[in-house]
Amino acid sequence: MNIYTYIMRRLLYVIPVLLGVCAIVFVLFNLVSPDPTLIMLGKHASVKQMAELRAELGLDRPMLEQYFDIVKSAFTFDFGRSWTTKQEISEMIKAGAIPSLTVTLPAFVFSTILSIAISLLVAFYRGKAIDKVVVFACVALMSISSLAYILFGQYVFAFKLGLFEISGYDAGFPYFIPYVLLPILIIVIISVGPDVRFYRTVVLDEVYQDYVRTARAKGLGEKKILFKHVLKNALIPIITFVVIRIPFLILGALLIESFFSIPGLGGITLNAINSSDFPVIRAMTVLSAVAYIIFTVITDVLYTLVDPRVRLS
Amino acid sequence: MKKTLLLTIVTTLLFGISCTKKDVSNERTLNLTVSSKVKGMDPIYSNDRYSSNEVARVFEGLLEYHYLKRPYTLVPNLAEDMPTVSKDGLTYTFKIKKGVLFHDDPAFPNGKGRELVADDFVYSIKRLADPKLQGLGWWLLDGKIKGLNEWRSKYAELDAVDYNEEVDGLKATDRYTLEFKLTKPFPQFLYSLAMPFTFAVAKEVVTKYGQELLNHPVGTGPFILPRFEQSNKITYTRNKNFREKKYPCEASEELKVKGLLEDCGKKLPLVDKIVVNILIEDQPRWLNFQKGKVDFVAVPKDNFDTAIPDAKNLSPEFKAKGFELLISPSLDVTYTAFNHDLELFKKNKALRQAMSLAFNINDANKLFYNNTALPAQSVIPPGIAGYIENFESPYRGTGKAADLAKAKELLAKAGYPNGKGLPEITYDCPASTVSRQIGEYFRKQMAQIGVNIKVIQNPWPELQKKITNRTVQTYGIAWGADYPDAENFLQLLYGPNRAPGANGSGYDNAEFNRLFKTASVMQNSPERTALYEKLYRIAAEEVPWIYGVHRQSYTLKHAWLKNFVSTDFEAGRASYLNVDLKQKAEAKKKL
Amino acid sequence: MEVVKEQKSKNLWQHAWGTLLSDKFAVTSMAIVTIYFLVAIFSSLGFIAADWTKEIGPSYAPPSADYIFGLDIFGRSVLAKTLKGTEVAMSVGLVTGIISMIIGVTLGGIAGYFGGKIDEVIVWFYTTFNSIPYIMLLVAITFILGKGILAVYLALGLTSWVNLCRLIRGEVIRHKDREYVQAAAAIGGGDFRKLFLHILPNVMHIVIINFSLQFQTAIKSEVILSYLGLGVQGQPSWGTMINDAKLELARGNWWQLAAATLAMFIVVLAFNTLGDALRDALDPKLKGK
């Protein structure tokens, strides 16, 4: 198959997936969701006012029309207005994406680099005591609730020691930097555990391949094998893993944003969940699904370019 | 390569830290905090406490509560005087202040804010009634102003709303005179004019920004916010064209102390800038206060013991840091409501009384309110007419053995000796940790007399929905006053108000309804207070709910924050507050 | 030939078992997991921690000789709550693991085996499903099903089968053209017989490894659901205990958090170690080690 036809086909495949995502979103949030009018009118709602509002919101329109609205929003990013704040959702997303990314992106980069470095080290000493200790430490880090890291980090590092800002956010570079340092640090600590475990498996997978044995038989040093051959080959699954996680960075970090008062999408999502603000939840779902689909296509295409064999399957 | 990268990152970080904005110390800045997202700045949607406080920094209404008088007293704000009321109590005539200017905004010709006129109120109140906008404060005026309901219904059907069509009960008779005609006497009407829902907006601004008004607040108020951003920090600046409004020189006896009158006669507002930080979680709010980044804070429940060990005085450690403690009762009541649609509760007063007696309020007070709340005997909180001092309800459970014995007796009388034959009863509550713990506590208390409770947690909207749809059996909730009048509490038990109205329990008692109906149209008078007290006693005897407590607010503030008083109606408070910069600079060195 | 293959697969299992038993970490982990299961079973039968609701001392009593892990807000034993919480954790892990296993294996097997249009539909379905962020699905499902342990099972089970489904599909595709399957076809085995009797046993190692990892993810997800107020109701779980700690830490009460975290740490560690050991023992690719 020609590479261009493959890419074309891959791109076309986006359409049914997108329609499917919209269908699931529609079923979850339009068909079976609770009546929003009560949420919006609050403690003094009257039956008449609820009926009026339902009509205003277009909730009495045909189902199919409501479904196509969702599909349309996946392309236009026009999600309407929030039920609770009455804000334009696309504006909320625009305002929230940057603060979220200023936290999640650096955290992601640092934790990925750190985890890969540690996993290479561990692979080098596989089966030895240091390997076991690192795996043990990773699991230990993983099983402590992220809430505990946040509470502890904020109290000790920011309040007691005064190393970081307690909470807050100033828009614009470089003003936001002092506020995001501690959140980044905490995310790195939270994600290093599972990441190392994943990368370690990936690297070990390669270590047991035939070519490594061949290289070893040829008398190449273990270090050289690890860094030249193993890392190079492990790069494909690593890149796949990394690229596929990028879209989720946009969604931000729910708890972190709430505790550090970072005005990002995570806080918006959490707020929407707590107040059953379905248009916002729907928008976040569609948005991240679209991002995910796009990044899957990118990975697949990259993958084919790197390793032409994949195309055939 | 790697080393250079690392170096770049490190330098960027250091650069970043050194670049943090420093406080400009000659500016008087208020640093406030709220614990919830602020929805937006449109008065007609400001139905939660947080949003309405923000709205009231920019917008103003005809009336406000006197800053230093208790009990709460209405005084004119944009009105020149209190209104003249016709003999039949139906017509209210306001003169509004002359020369009040809206904030400068591109919506006005040449960008200069124009003068406020009586028509602006006609417009703003019609906006609240506009069926297309679905303002959240409509319940305030629903059925009360002559012709307004008709106007609303008419345009609910049509495509466009015509604000020019005159409404009989809402007219500007000249440039500065405003006249309201009511459908029936409704003494609480004036309170609604002190609520942000009815604050003045300018038609030009609404026309220009449309739905985006909530991000472009333009009012007549003491502070200016050019644009409301969806961020966790809202920064207001002083309105330089603010009219001559002075800090009050008189106060109620209890507020005459504490140097609250030092700024008497000074022009408001007293600060140059307000920074509102949105901090949802308790811990960062508490820590930021201790570092002096926030001027005052409500003491979080779980920091209470450290801060106020004896429930009255601040710990010496905090005193040394210059913190000050303010305690004041809140106008609210917490309760566990029965669903009176269910025959089980409707018919069986003895069952309700038994359950109320089994609920030990004193321990609940210790566990959940650090023993600072006042156990509620009935529906009205202290501080407003209708509350009876030292009244003790015979069905108020206090944990005494006698209470429990009586509860068991009543339960047997109700037909369920030791809970036999009684089905499992569900208890719905909000999803927060404390609510869940209160639910668990309720279950344990009921278990003492053999009543089985199942606790169900709900996100807030879900709980509201269940209450409205009557699918609850019992549920735990609280009510805070909309305005300082017992009517606002008693209406929660008024039969015709049943859900989806404010009476979520669906309690319906002919005698209670009759008395309430009479009292609700009476002007404030000893006769009305007598009726309120009668209703208070009925509500205690009948146990339509298991009453919880009336809470007290515990606020910690820094000594540099001046003129601070606790209030249930915070709207507009910021313009009275002051900051002593010298004292602040001194104090911050110690933090 | 079929016989030969089965012989071989039996050897694989025996070999794996042998490898597992020789690994003392794996043995310890298995012992720990067994103990947790026993605790869960005994607590659900009422032998252990049945009196967790009882107040045995003052509110928030710190750990001491009398109260090993201290007491909670109502003066209930944190130790008893932690033990009782095992019941929720283990059942959540087990049931969600089973739900995701059933869906994943069935769909993955069918897609891989039949290929063609069926495969395309199933792949489309899981790609779609996978595009939606996990947390949103969780929230939506609990919104719809209401609250309670059943909703937690379903929410976690329904959101975690995709990975397994994809792996099984790939494995089945690799296996279906192998000789032993062809041979089964020759002696007249139906499609489902072939799939379930011949192919699936040969891809079972993936299921087992996945199950052990799934188990601990589910335990951890329960904590997140509890934070959002969507967790288990009416009985203690580690999630609600950790959530309580959000407020308690401020007054210096660390023991409830510590007890729940410790309980979770041990079982998660055990499952991870076990998962790794299983992987080393069962995955033929790594067998040369």
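Please read all numbers here as calculations on a predicted model, not as lab measurements. Convention: sequence-line order gives letters A, B, ...; per-chain numbering from 1.
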Quick one: of Phe159(A), Phe176(A), Phe260(A), who has the most non-hydrogen atom pairs under 4.5 Å with chain B? Phe159(A)

List the residues meeting side chain to side chain contact (heavy atoms under 4.5 Å, CB included) with Lys293(B), not counting sequence neighbours, and say none if there are none. Glu165(A), Asn288(B), Lys291(B)

Which label fits Phe157(A) and Phe152(A): parallel for a plane angle under 30°, tilted from 30 to 60°, or perpendicular past 60°? perpendicular

What residue, out of Ile150(A), Asn271(A), Leu151(A), has the most heavy-atom pairs lying under 4.5 Å from chain B? Leu151(A)

When only pairs under 4.5 Å are counted, which of Gln211(B), Arg285(B), Glu212(B) shares the most heavy-atom pairs with chain A? Gln211(B)

A quick test of your reading: do over 12 heavy atoms of other residues, nucleotides or ligands sit less than 6.0 Å from OH of Tyr155(A)? no

When rounded to the nearest 0.5 angstrom, what distance separates OG1 in Thr306(B) from CH2 in Trp286(B)? 7.0 Å

Portion of Ile262(A) that has a non-hydrogen atom of chain B nearer than 4.5 angstrom: backbone

Give, for atom CG of Leu121(A) and atom OG of Ser119(A), the distance between the pair rounded to the nearest 0.5 Å. 9.0 Å

Top residue by heavy-atom pair count (under 4.5 Å) with chain A, among Leu214(B), Asn215(B), Ile280(B), Ile278(B)? Leu214(B)

